[in-house]
Structure formats: structure tokens, C-alpha cells
Amino acid sequence: MIMDYNKLLKNKLNQKFYLEETEIVAKNLIGKLFVKKNNSSLLIARITETEAYLDQNDESSHSCKGITNRNKSMFMIGGTLYVYFIYGVHFCVNIVTKDEGKGAAVLIRAAEPLAGIEIMKQNRQIHNFEKLLIGPGNFAKAFNFNKNDDGKSLLSNDIFISDDNYSTEIITTERIGISKSINLQLRFYDRNSKFVSKK
DNA sequence: GCAAGGATCTAA
DNA sequence: TAGATCCTTGCC
């Protein structure tokens, strides 16, 4: 198990990883390590569940009606964070894909906590380890993501994703919580992980 | 099963 | 500027 920050940094995903087709990036992100570091803490989690939101023919994607003040970071270059506020309560963390101006992203729906667990529990105000990072709103809360993080780059040394060659078995399903384009098979999770919102 | 909650967008 | 909507969650 890799817990050394320098090793995580060495294996950080590069720009090219994020420029691929959104479905590919969403699948490839399963099993990767999400890392967030600040002065006092290092939070690490293994991504277990994602959803792709496309730049074309996807009515449930925020980008489907063009660029607005809310979704503008979704149109930035692949590898950018798109963080939005939803239902007056929660933030959701997305990873922008493809080239600048497209409007495609991958929603992080769940992850397995690996480091900084006490801080995640504090942020969530719960003690249940199993459910710390289950659900997009919960993932964002545990990592203390908010509007300030919208538009940040994942190529930085503070927030990034790292590859430790973890092997996964990807299951593909319909997405959760949407009312349009519901038939698209754009949700992905690791069959062998118990840290998934819904099997 | 459904309310909470606030930002955003559309229609007027 | 009112009203509907929203990639959710946790409680009833």
C-alpha cells in the first residue's frame, strides 16, 4: 500500500490521461488514488465509483445547454476540477475531460478511505468508516471540497490523482439520480469493492 | 416516502 | 423577479 506522498506525486496522472474520451477516463479512474494535501493534513482515497457526463447527446450533462457562469469550469481543459452546489445542501466533485471548450466531466460518486480518516470523520461529523466516502455529496464533504475548489487543476501538487497499478473489475450500469438520458450506460464501479453506493 | 436547502436559469 | 429545477442525503 502506497502511503508515501513523494511516491504518490511521482505517479501523478498527467495531462494526457484526462484528454481521452469521457467514458474512457471514467473507467480508468476506477482504482486510482485521489490525493488532497494541505498544511496540516494528507487525505487519500481509492476511487471506486464514477459517472461520465458527456459533451454531446447527453441531456443530463450540465454542459448540454451551453456554457453558463455555473458550469464554465466544465469547459476548461481536461484535468480541471468542476465543483458545483446542488439541492441547497451538497457539493459534487467532477473531473473535466477532453479538450478545452468541450464541456465533459466525470463525477466522483464513491471512494475507499485510505489516509486522513480521522479528518474525514470530522468533516463528515460521523464515525461510520464504511460510509465515509459513499455518495458524491459525502465524498465532497469528507474532503472539504467547496466552490473555492471549482476550476482548480489536478496537475498541481496539492490536489491530484495517482496511479499505483491497482487492479479492478469494472461493472457498467445506468447513472443514478438523473431524469434525462437515463438509458445511457455511463456509471462505472469496481465489482470487488464494498465502498460503492449501489450494486 | 419525502423535506431540507440555496444557487441558477428561464420566462415574463 | 417569481417559479421550477437540481449529477443528494438522511430522516420520517
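Taking atom NZ of A:Lys131 as the reference point, atom C1' of C:dT8 lies 14 Å away to the nearest angstrom. To the nearest angstrom, P of C:dC7 lies 21 Å from CD1 of A:Ile134. If you measure from atom CG of A:Asn94 to atom C1' of C:dT8, you get 13 Å, rounded to the nearest angstrom. One interatomic measurement links the two molecules: CZ of A:Phe85 to P of B:dA4, which rounds to 16 Å at whole-angstrom precision.
Listed nucleotides C:dC6, C:dT8, B:dA7 differ in distance to A:His62; the shortest reach to its side chain belongs to C:dC6. Set against C:dT8, C:dG10, B:dC9, the side chain of A:Arg70 has B:dC9 as its closest nucleotide.
The nucleotide B:dG5 finds no pairing partner, because no Watson-Crick or G-U wobble arrangement with both distances shorter than 3.5 Å includes it. In this entry C:dC7 has no Watson-Crick or G-U wobble partner, no candidate having both defining distances under 3.5 Å.
In this model, the phosphate group of C:dC6 is approached by a side-chain N or O of A:Lys180 to a distance below 4.0 Å at OP1 or OP2. Applying the 4.0 Å criterion to OP1 and OP2 of C:dC7, one finds that A:Ser60 has every side-chain N and O outside that range. Look at A:Asn138 and you'll find a side-chain N or O under 4.0 angstrom from OP1 or OP2 of C:dG10. For the pair A:Arg109 and C:dT8, the criterion of a side-chain N or O lying under 4.0 Å from OP1 or OP2 is met.
Stacking of the aromatic ring of A:Tyr87 onto the base of C:dT9 is not found under the criterion of centres within 5.5 Å and planes under 30°.
Here A:Arg124 lies in heavy-atom contact (under 4.0 Å) with sugar-phosphate atoms only. Within 4.0 Å of A:Leu107, counting heavy atoms only, lies at least one base atom of the nucleic acid.
Residues A:Lys147 and A:His90 both approach DNA chain B. Their nearest nucleotides, taken by heavy-atom distance, put A:His90 toward the 5′ side. Between A:Ile86 and A:Gly137, the residue anchored nearer the 5' end of DNA chain C, judged by the nucleotide with its closest heavy atom, is A:Ile86.
With hydrogens and angles left out, the side-chain atoms of A:Glu51 and A:Tyr53 include a donor and acceptor closer than 3.5 Å.
In summary, the aromatic rings of A:Phe34 and A:Phe145 are positioned with their centroids under 6.0 Å apart.
No hydrogens or angles were tested; on distance alone, a donor-acceptor pair under 3.5 Å links the side chain of A:Tyr84 to the base of C:dC7.
With a 6.0 Å radius and a threshold of 12 heavy atoms from other residues, nucleotides or ligands, A:Leu42 has its CG atom above the threshold.
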- Take A:Phe85 and A:His90 through the test ring pair (Phe, Tyr, Trp, His ring centres under 6.0 Å) and record every step on the way to the result. CA-CA 6 Å; A:Phe85 191 54; A:His90 305 287; 8.4 Å; no

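A pairwise comparison of heavy atoms in A:Val93 and A:Ala140 identifies CG2-CB, 3.8 Å as the closest pair.
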